[in-house]
Each structure stands twice: as C-alpha cells, then as structure tokens.
Amino acid sequence: MIPFRTLVPLVLAAGLALLGAHPAPAVPVEPDPVKIPAPALPEGQKWLNSPPLTMEKLRGKVVLVDFWEYTCVNCIRTFPYLKEWHKKYADQGLVILGVHTPEFKFAREEENVRRAAKEFGLAYPLIVDSDRAVWNAWGNQFWPAKYLVDAEGNVRYYHFGEGAYEATEARIQALLKEANPGVKLPAITPAMRGTDKPGAVCYPVTPELYAGFERGGHENTLGNAEGYRPGQVITYRDPGKWEDGMIYLQGQWKNTPEALVTVRSSPSPRDHLALKYHALEVNSVIKPELGKPIKVWVYHDGKPVAKADKGDDIRYDSMGRSYLLVDTPRMYQIIKNAKFGQRTLRLATADPGMGVYSFTFVSCTVAGK
C-alpha cells in the first residue's frame with residue numbers, strides 16, 4: 001500500500017500541472033485508484049467551532065479535510081461551496097474539517113484566524129494548524145487542498161486548487177450513499193459563479209508576486225536597481241519605467257523576510273509601491289505592522305480607481321480619491337477590472353508600518369464579457 005505522505009509527490013510526478021503556492025484552476029484527480037488510510041490528526045491543536053476530534057471518533061462519517069489559509073484568494077473563492085456542502089450534508093453524515101495552515105507568520109495567530117473564520121462565515125470544525133503539524137502529517141503542499149475520507153477512514157478522493165466543485169460534490173454523495181445506502185440526497189449544487197461554468201474565459205495573467213526578500217529575492221520580484229537588502233532600511237528610487245510582473249519602490253522601505261514595510265511618517269504620501277500587471281482582478285496581502293489603521297492611496301493608470309474597476313475594499317474620499325483603509329492583516333481586493341488588459345497600479349502612503357506581503361491576480365470572466 002502506498003504511504004499517504006507519498007501521495008502528493010506521486011501526483012506531481014504523474015504530470016498534474018500546479019502553478020505557485022495556490023494552484024487554481026487545477027485538474028480534478030480521478031478517485032478510483034485511491035484508497036489510502038487517512039493520517040491521524042496530531043494532538044494538541046487549537047480547535048474552533050468544535051471540541052477536539054480524531055479520525056477514530058469520525059469513523060462512520062464522511063470527512064472532507066480542507067487545507068486553507070485566510071489570506072489565500074484561491075481558498076476564499078472555494079468558501080461558498082464549502083459552506084453550501086456543510087448546510088446540505090452535515091445532517092446526512094458529512095463532516096467538513098477545515099485545517100488553517102499559515103503561509104505568513106501573522107496568520108499563525110489564533111485571534112486572526114478566529115476573526116477571519118467569523119467574517120467568512122465558516123461554521124464547521126476548524127483546526128488552527130499554526131505549527132503545521134497537520135499539514136506535515138498529511139504531507140500536504142498546497143492551498144487549497146481537499147481530501148475526502150470515507151466512513152472507514154480511507155482517503156478516496158483529493159483535489160488541489162479551485163474548481164471541480166460538481167465532481168467533488170458527486171464524490172461526497174457517492175461516499176455518503178456507500179456509508180448509508182438509504183440516504184436521501186439533494187441535487188448537485190450548480191455553479192455558484194459564472195466563471196465556474198463551462199465556457200468561462202481565462203486570460204493569461206501576471207504570476208503571483210511575493211514582496212519579502214525570502215521569496216521575492218529568489219523570484220527576482222523587485223525591479224529597483226538597489227535590490228533587496230535583508231533586514232535593512234533602504235532608500236529606493238523608482239526608475240519610472242516598469243516591467244510587467246515586478247515591484248518598484250519609491251522612498252524608504254524596510255526589507256523583511258515576508259514583506260516590504262514603510263518606515264517613515266510624512267505630511268504627504270512620499271513613499272509608494274508600483275507595478276504593471278495584466279489581469280482582471282488584483283488582490284494584495286497587507287498588514288498594519290504598528291497595529292493602527294493605515295490609509296493607502298491607490299492610483300490605477302495614474303488616476304483614482306474608476307468605480308467600474310474598483311475592488312471590494314476600495315473607498316473614496318470627498319474629493320473622489322481612491323484609497324484602502326488597512327486596519328487588519330488580510331487580503332485586500334483592490335481592483336476588479338471591467339475589461340481585461342495591461343494596467344498599472346500604485347500604492348502610496350504617508351504612514352509608517354504598511355507591510356506589503358504579496359499580490360495575486362485573477363483572470364477569468366464569463367464568456368462574452
């Protein structure tokens with residue numbers, strides 16, 4: 001029998017195409033050859049919405065183990081389906097077990113996870129896997145990742161990334177019927193977004209960008225001639241000519257392992273971060289490092305963000321200027337373009353402590369738009 005921890009490497013060796021830390025969309029994996037005993041859940045974890053559970057206590061139930069991270073855009077996009085499955089099947093024998101494994105250090109804090117779970121409306125059992133004990137026990141490598149465990153405790157299906165919602169729900173139903181042949185089940189949930197339906201158009205997109213020197217230095221993210229200087233505060237000069245998919249800085253920024261952080265207070269927003277991208281949607285993980293809200297002015301192609309292109313977190317002042325109010329460490333949706341194209345984005349602030357961690361880009365739209 002194949003050890004469970006070798007499962008993911010074998011899938012990759014077989015040619016499953018996954019890009020970046022948050023693969024989406026991903027190819028659904030055929031479940032028939034999979035029947036592997038599920039790893040135990042390590043003891044001593046923090047639990048939300050439930051007392052501690054074990055795989056032994058869950059025998060007789062169908063269990064969906066979902067690895068997620070609250071700043072991960074691909075994870076966030078799966079939540080409507082997870083919540084719907086919990087509502088439809090919790091009384092039919094399904095237990096969804098969300099495992100929150102952090103990508104960034106601030107996401108290890110239980111209070112941040114608790115707040116995010118409440119904001120996203122996640123009511124099923126959650127493990128705060130801050131030390132990656134569950135992640136390592138399961139040999140997982142991706143956010144989001146879903147594993148279906150049958151009533152006898154065997155992993156029977158898995159899927160990495162977004163997508164395959166109908167296929168995954170069909171496998172949930174098959175395992176529920178296997179455990180209880182007389183169970184009455186509702187119809188499969190139809191696509192909840194137009195971009196999840198067949199025929200959706202997905203354009204080429206700027207790859208995910210990490211700002212800190214650990215990932216950014218390895219991936220050559222920073223376009224300034226000054227480059228990364230680990231642990232130092234550097235005065236950067238924006239060259240004014242930007243290449244797609246690179247970050248450019250102006251002013252004084254501290255280089256930390258996970259983020260680029262503004263360090264000075266000024267009467268006007270002198271320090272900025274800029275990039276050129278091609279996508280429909282732009283998101284950024286930003287943290288107020290000093291624990292107080294930060295106003296971040298947003299310029300899209302050199303102007304305030306047009307209301308037709310605004311993301312959910314964009315606000316406007318009385319003069320029509322667009323900005324973000326960064327008050328908690330999380331993912332902020334900045335841009336949701338009406339049309340696909342190559343654009344520029346600039347984030348400027350007069351405040352110290354704006355920690356920029358990453359940018360993610362989304363490119364899918366409904367056919368014909």
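Sequential numbering from 1 along the given sequence is applied to the chain's residues.
- Pairs passing the ring-ring contact (aromatic ring centres under 6.0 Å, His included) check and including a residue from residues 310-332, sequence neighbours excluded, read W297-Y323.
- Checking side-chain atoms of S322 against main-chain N and O of P304 turns up no donor-acceptor pair under 3.5 Å.
- Checked for salt-bridge contact, D244 and K276 miss the test: no charged N lies under 4.0 Å from a carboxylate O.
- A search for salt bridge (Lys or Arg N to Asp or Glu O under 4.0 Å) contacts involving R132 returns nothing, not counting sequence neighbours.
- For E84, the salt bridge (Lys or Arg N to Asp or Glu O under 4.0 Å) test picks out K87, with sequence neighbours left out.
- Side chain of S130 to main chain of R108: a donor-acceptor pair is present (N/O by atom type, distance under 3.5 Å, no hydrogens or angles).
- In this structure, M319 stands alone, with no Ile, Leu, Val, Met, Phe, Trp or Tyr side-chain heavy atom under 4.5 Å from its own, directly or through other members.
- Under the salt bridge (Lys or Arg N to Asp or Glu O under 4.0 Å) criterion, E214 pairs with no residue, sequence neighbours left out.
- A ring-centre distance under 6.0 Å is not found for W143 and F67.
- Through side-chain heavy atoms spaced under 4.5 Å, either directly or across other Ile, Leu, Val, Met, Phe, Trp or Tyr residues, W242 is tied to M246, Y248.
- Within the 4.5 Å cutoff, side-chain heavy atoms of K146 are placed close to those of T78.
- Scanning both residues, D238 and Q250, for their nearest heavy atoms gives N-OE1, 2.8 Å.
- No hydrogens or angles considered: a donor-acceptor pair under 3.5 Å links the side chains of E69 and T71.
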